[in-house]
Amino acid sequence: MITRAIDRRRVLFAPLFGVLLLAGCDSTPPLRTDFPPLDYSYLPVLHLSVASLAIENRAMVVANDFSPQSPVLPTDALTRMATERLQASGNSGRAVFVIDQASLIRTNTGLLGNFAVHIDVQSADHQHVAYASAKVTRSYTGDLEDVRGTLYDMTKQMMDDMNVELEVQVRRTLGDWLQNVSTAPREAPVQSQSLEPTPDAAAPNQPPSQLPSQSPSQSPDLTPVPPSQPIPLQPPVPIQ
């Protein structure tokens, strides 16, 4: 009889012990705290043939916009992209980079992101002469337990899309206003020179006008240096 009582208690308390064990193991993962700044300086710079470049934020505030909770604000990311990727390299006129939309809206199933920008090119007399626009959207479906981490990831992904879309649109619609500026000048080729003496070098008293001229194709980047004055063989006669 005693053995049967012990077995019954094991059967009754075993499910409760299992529930308590599972409850102790079910812990929420820690929230993310490391959010590196978004940088686009490694991407090609688009040189616009204008004298100045301005950046304006005209994004409207919309309902249920969670973008202010993002560790990196979408408006700040778009501004940094324009600063690092667009450069005024001309002598006249101006370009205006405008942020039209930068929202991460909370929906019933997750998030909906909308980023939109445009570039307005103006002549020296303030006439609108060229225009380019870029827009990207992205949605996220799932829980928002780590809302800051989710907003950061979504902002980073949308900015990757925006960098591609902006460059495509600028090259397609503003091709006449782009300058091909090399990031680093090409180095001149190293010129080889023989170390053996030449007949001209053996005659130090030969006038410079009789020295053979060097073809420009042999050394395009070197400026010829006049030869030194010949050393007199005898001392000058003193004047009486």
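Remember, predicted model here, so these are calculated numbers, not experimental data. Just so it is clear, the values below take in all heavy atoms, side chains as well, and ignore hydrogens, waters and symmetry mates.
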Pairs where residues 90-119 contributes a residue and the test salt bridge (Lys or Arg N to Asp or Glu O under 4.0 Å) is met, not counting sequence neighbours: none

Results of side chain to side chain contact (heavy atoms under 4.5 Å, CB included) for Pro71 - residues two or more places apart only: Phe35, Arg148, Tyr152

Treating Thr107 as the side-chain partner and Gly110 as the backbone partner, does any N or O pair qualify as donor plus acceptor under 3.5 Å? yes

Nearest heavy-atom contact between Met154 and Leu112 is CE-C, 4.0 Å

Glu165: side-chain hydrogen bond (donor to acceptor under 3.5 Å, both in side chains) partners, not counting sequence neighbours: Gln169

Can you tell me how far CD of Glu167 sits from CE of Met162, rounded to the nearest 0.5 angstrom? 13.5 Å

The criterion is salt bridge (Lys or Arg N to Asp or Glu O under 4.0 Å); which residues satisfy it with Asp146, sequence neighbours excluded? none

Out of curiosity, Leu151 CG to Phe66 CZ, how far, rounded to the nearest 0.5 Å? 7.5 Å

Taking only residues two or more places apart in sequence, or in another chain, which ones meet Asn114 in a side-chain hydrogen bond (donor to acceptor under 3.5 Å, both in side chains)? none

So, do Leu78 and Ile55 sit near enough that their side-chain heavy atoms are less than 4.5 Å apart? no

Taking side-chain hydrogen bond (donor to acceptor under 3.5 Å, both in side chains) as the cut-off, I'd like each qualifying pair that reaches into residues 48-57, sequence neighbours left out, listed once. Ser49-Gln179, Glu56-Arg58

Hydrophobic cluster (4.5 angstrom, side-chain heavy atoms) - remaining members for Val96: Val98

Point-to-point distance, once rounded to the nearest 0.5 Å, from CG of Leu48 to OG of Ser89: 7.5 Å

Co-members of the apolar cluster containing Ile105 [side chain, <4.5 Å]: Val62

Under the side-chain hydrogen bond (donor to acceptor under 3.5 Å, both in side chains) rule, collect the residues that match up with Asp161, sequence neighbours excluded. Arg138

Is there a path of hydrophobic side-chain contacts, each under 4.5 Å between heavy atoms, that joins Leu144 and Val72? yes

Of all heavy-atom pairs linking Ala102 and Ser67, the shortest is O-OG, 3.8 Å

How far does CD1 of Ile119 sit from CG of Leu46, to the nearest 0.5 angstrom? 7.5 Å

Reported OG1-to-CG distance for the pair Thr155 and Leu104, which is rounded to 0.5 angstrom: 4.5 Å

Closest heavy-atom contact between Pro74 and Phe115? CB-CZ, 3.4 Å

Minimal non-hydrogen separation, Phe97 against Ala82, with atom names: CD2-CB, 3.4 Å

Would you kindly confirm whether Leu43 and Met158 end up in one hydrophobic cluster when ILVMFWY residues are joined by side chain heavy atoms under 4.5 Å apart? yes

Identify whether Met81 and Leu73 are in the same connected component of the hydrophobic contact network (ILVMFWY, side-chain heavy atoms under 4.5 Å). no

Within residues 125-137 or reaching into it, pairs that qualify as side-chain hydrogen bond (donor to acceptor under 3.5 Å, both in side chains) - sequence neighbours excluded: Asp120-His128, Ser123-Asp125

Of all residues at least two apart in sequence or in a different chain, which pass the side chain to side chain contact (heavy atoms under 4.5 Å, CB included) check with Ala88? Val50, Leu53

Linking I/L/V/M/F/W/Y whenever their side-chain heavy atoms sit closer than 4.5 Å, directly or via other members, would Leu38 and Tyr42 fall into one cluster? yes

With sequence neighbours excluded, give me every side-chain hydrogen bond (donor to acceptor under 3.5 Å, both in side chains) pair touching residues 32-41. Arg32-Asp153, Asp39-Ser41, Asp39-Arg80

Quick one: pull up CZ in Arg85 and CG in Leu166 and give me the separation to the nearest 0.5 Å. 6.5 Å

Taking Leu86 as the starting point, is it possible to reach Val129 by hopping between hydrophobic residues whose side chains are less than 4.5 Å apart? yes

